Amino acid sequence: MVFFRRLMAVAALACSVSAGAQMLSRPGWAGSGMSSDPWWQHAVIYEIYPRSFQDSNGDGIGDLKGITQRLDYLQSLGVDAIWLSPIYPSPQVDFGYDISDYTAIDPQYGTIEDFDNLVQEASRRNIRVLMDLVLNHTSDKHAWFTESASSKSNAKRDWYIWRDGKGTGADGKPAPPNNWQSLFGHSAWQYDAKSGQFYYHYFYPQQPDLNWRNPQVKQAMFDVARFWLNRGVAGFRLDAIDTLFEDQSLADAKVLDGTNEFGDPNTDKSLQTRLPEIHGVLHDLRSVINAAPGQRLLVGEVYTKDAADLAQWYGLHNDELQLPMDTGVGFTNKLDAAAFRQKLEAAQTQLHGNTPLLVFDNHDNPRSWDRYGDGKHNKEIARVLATILLASRSSSLMYYGQELGMSTSTPERKEDVKDPIGVLGWPKEKGRDGERTPMQWDGGAQSGFTRAAKPWLPIPMSSMTVNVEAEQKDNQSLWKWYQDLIALRRSRRAMREGQQILLNHDADNALVWVRKHQGVTATSPAVVVACNLSDKPVVLHLRDEIKKLGLRGQFLRSLMRSDYGMGPMNLDEVKLEPFGVYVGEIHY
Ligand code: NOJ
């Protein structure tokens with residue numbers, strides 16, 4: 001599945017708070033503990049794809065009550081926040097990313113009371129809830145669009161992007177205004193016979209783009225944000241935020257070489273994405289969330305070409321997104337020590353001191369287990385990735401099941417595909433079902449996800465061995481590795497807030513860094529993290545490099561070792577087995 005790769009190519013109601021709503025404007029989140037920094041600067045954010053996490057009512061589809069039932073699990077893993085992909089009413093063409101009502105809950109996921117209960121129960125466990133906010137487009141079944149489509153003179157006509165076509169095409173059909181394409185295949189323009197005009201959609205035709213140049217659209221969406229902030233959400237993950245505006249000239253896109261997986265000619269998307277006006281919207285939205293009590297957060301879905309490109313999403317005065325996703329590191333897609341070193345270093349040095357949000361997995365891309373795994377050492381490699389994700393100076397975004405080593409289960413037959421891009425693009429594009437299969441809770445027939453005979457996506461065979469129940473019992477499981485790393489972030493100042501200094505610049509096979517915080521002492525030491533990215537043993541000599549950092553060090557006191565060996569480690573001889581990991585405090 002090539003969602004990410006396609007996005008990389010791109011990189012070049014009015015409503016008021018409903019009466020009687022339970023007001024949770026400031027749930028009882030505790031402070032971030034060890035320091036006064038905002039919680040999100042060192043957070044572990046766990047993405048839940050609600051359809052696939054836990055079904056509580058036996059219909060084969062996950063729901064809000066199911067998530068609430070699993071909060072103790074999330075607390076035991078140690079996450080600070082959960083991000084729910086969309087749970088609003090939706091025709092589910094794009095599984096929730098086509099929203100027909102922004103201030104309600106889709107009945108298949110539960111009720112608004114279930115939502116309030118989830119937020120409250122999460123807050124009791126000091127877990128914050130982030131909503132997915134889809135600003136670029138609505139569903140074509142949203143009342144705004146139905147009104148807009150009702151006539152050319154409707155007051156909401158201008159809430160969407162309606163344009164005249166270019167007469168009749170060679171095929172005898174109405175020709176669209178230009179050659180712009182949808183990311184999800186074919187023309188980005190959909191003809192409406194009733195008015196004789198086209199509307200624009202960057203994603204599916206059932207997802208018409210809003211016109212963000214209309215101030216009423218902005219007002220309506222900001223009211224949506226306030227609605228959820230008032231209900232106690234900790235913030236938002238902003239969907240496809242770089243697609244909010246389109247170039248007003250409507251000039252044709254440059255046609256590039258080759259064709260995409262849908263058989264369309266490749267086109268340059270720079271007239272359709274990343275227009276500068278987006279920054280004004282983000283700046284104003286940041287003011288909306290800042291006006292709410294507590295430390296609310298904006299996470300952004302952006303795919304950028306490098307750290308310099310990523311830096312602009314924080315805003316000129318750090319007044320836009322607090323955490324735009326840093327996809328550069330996690331989607332290196334190759335165990336290449338030099339590439340990781342360069343990208344991790346850039347994230348530390350080129351973001352003007354801002355916090356990178358590292359991410360390896362989400363609901364749009366094959367799981368990292370398969371993207372990085374060599375088929376032989378997948379578990380060891382997954383431990384390396386977890387270490388990069390959680391032992392770096394960053395916030396960390398993880399995806400349900402990543403902590404187990406869930407793999408991608410791509411459908412084998414077109415008739416089984418649920419994701420429409422997989423139907424349209426088959427067999428080159430098989431869609432995103434593979435990374436959205438049900439959470440693997442236990443080794444039973446339905447893996448503890450549902451009691452329904454047929455879950456919405458099949459339970460992967462791997463659930464017989466790769467599941468929460470089995471891994472929680474196993475001290476050497478990937479799950480335990482994640483839990484221990486998260487616990488270290490909480491308990492060690494160096495691991496939580498220390499600078500990340502990349503070492504060993506010449507080593508081809510090893511990725512090594514030091515976490516060094518202000519005021520290193522004998523009782524609060526700096527930490528070394530070393531990962532072997534090769535299938536050969538590696539021995540590292542770290543004494544000189546550590547000395548150069550002005551750190552006093554005689555030996556390493558082991559905190560985590562993938563060889564599960566005991567005892568201290570000699571600074572001159574840090575031994576790593578193939579794909580091994582070592583984390584140790586620098587003592588003198
Ligand atoms: C990005 C989301 O992550 C993806 O799942 C969705 O299909 C598109 N945006 C459109 O909303």
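Given the structure is predicted, the values throughout are model-derived calculations rather than measurements. Note that ligands are numbered from 1 as they come in the structure, with each ligand's atoms numbered from 1 the same way.
With respect to the salt-bridge test (charged N to carboxylate O, under 4.0 angstrom), the residues Lys141 and Asp101 do not qualify. Salt-bridge formation is not detected for the pair Asp319/Arg286: no Lys NZ or Arg NE/NH1/NH2 atom is positioned less than 4.0 Å from an Asp or Glu carboxylate oxygen.
The distance from ligand 1 to the heavy atoms of Arg436 drops below 4.0 Å at these ligand atoms: 5 (O). Listed by number with element, the atoms of ligand 1 under 4.0 Å from a non-hydrogen atom of Asp364 are 1 (C), 2 (C), 3 (O), 4 (C), 5 (O). Set against the non-hydrogen atoms of Arg432, the atoms of ligand 1 under 4.0 Å away are 4 (C), 5 (O), 6 (C), 7 (O). For ligand 1 and Phe184, the ligand atoms under 4.0 Å from any heavy atom of the residue are 7 (O). Atom numbering of ligand 1 starts at 1 in the shown order; those under 4.0 Å from a heavy atom of Asp94 are 6 (C), 7 (O), 8 (C), 10 (C), 11 (O). Every atom of ligand 1 is numbered from 1 in the order shown, and the set under 4.0 Å from a heavy atom of His137 is 10 (C), 11 (O). Under a 4.0 Å criterion applied to the non-hydrogen atoms of His363, ligand 1 contributes the atoms 2 (C), 3 (O), 4 (C), 5 (O).
Neither the backbone nor the side chain of Glu47 has a heavy atom within less than 4.0 Å of ligand 1. Contact annotation: for Phe95 versus ligand 1, there are no heavy atoms closer than 4.0 Å.
Pairs passing the salt bridge (Lys or Arg N to Asp or Glu O under 4.0 Å) check and including a residue from residues 203-216, sequence neighbours excluded, read Arg213-Glu277.
In this structure, Lys430 forms a cation-pi arrangement with Trp426, its terminal cationic atom sitting closer than 6.0 Å to the ring centre and no more than 45° off the ring axis.
Classification of the Tyr160-Phe145 ring pair by plane angle, with boundaries at 30° and 60°, yields perpendicular.
Here Lys194 pairs with nothing under the salt bridge (charged side-chain N to carboxylate O under 4.0 Å, His left out) rule; sequence neighbours left out.
Side-chain rings of Tyr400 and Trp83 stay apart, their centers remaining 6.0 Å or farther from each other.
Using a 4.0 Å cutoff on heavy atoms, Tyr202 does not count as a contact of ligand 1.
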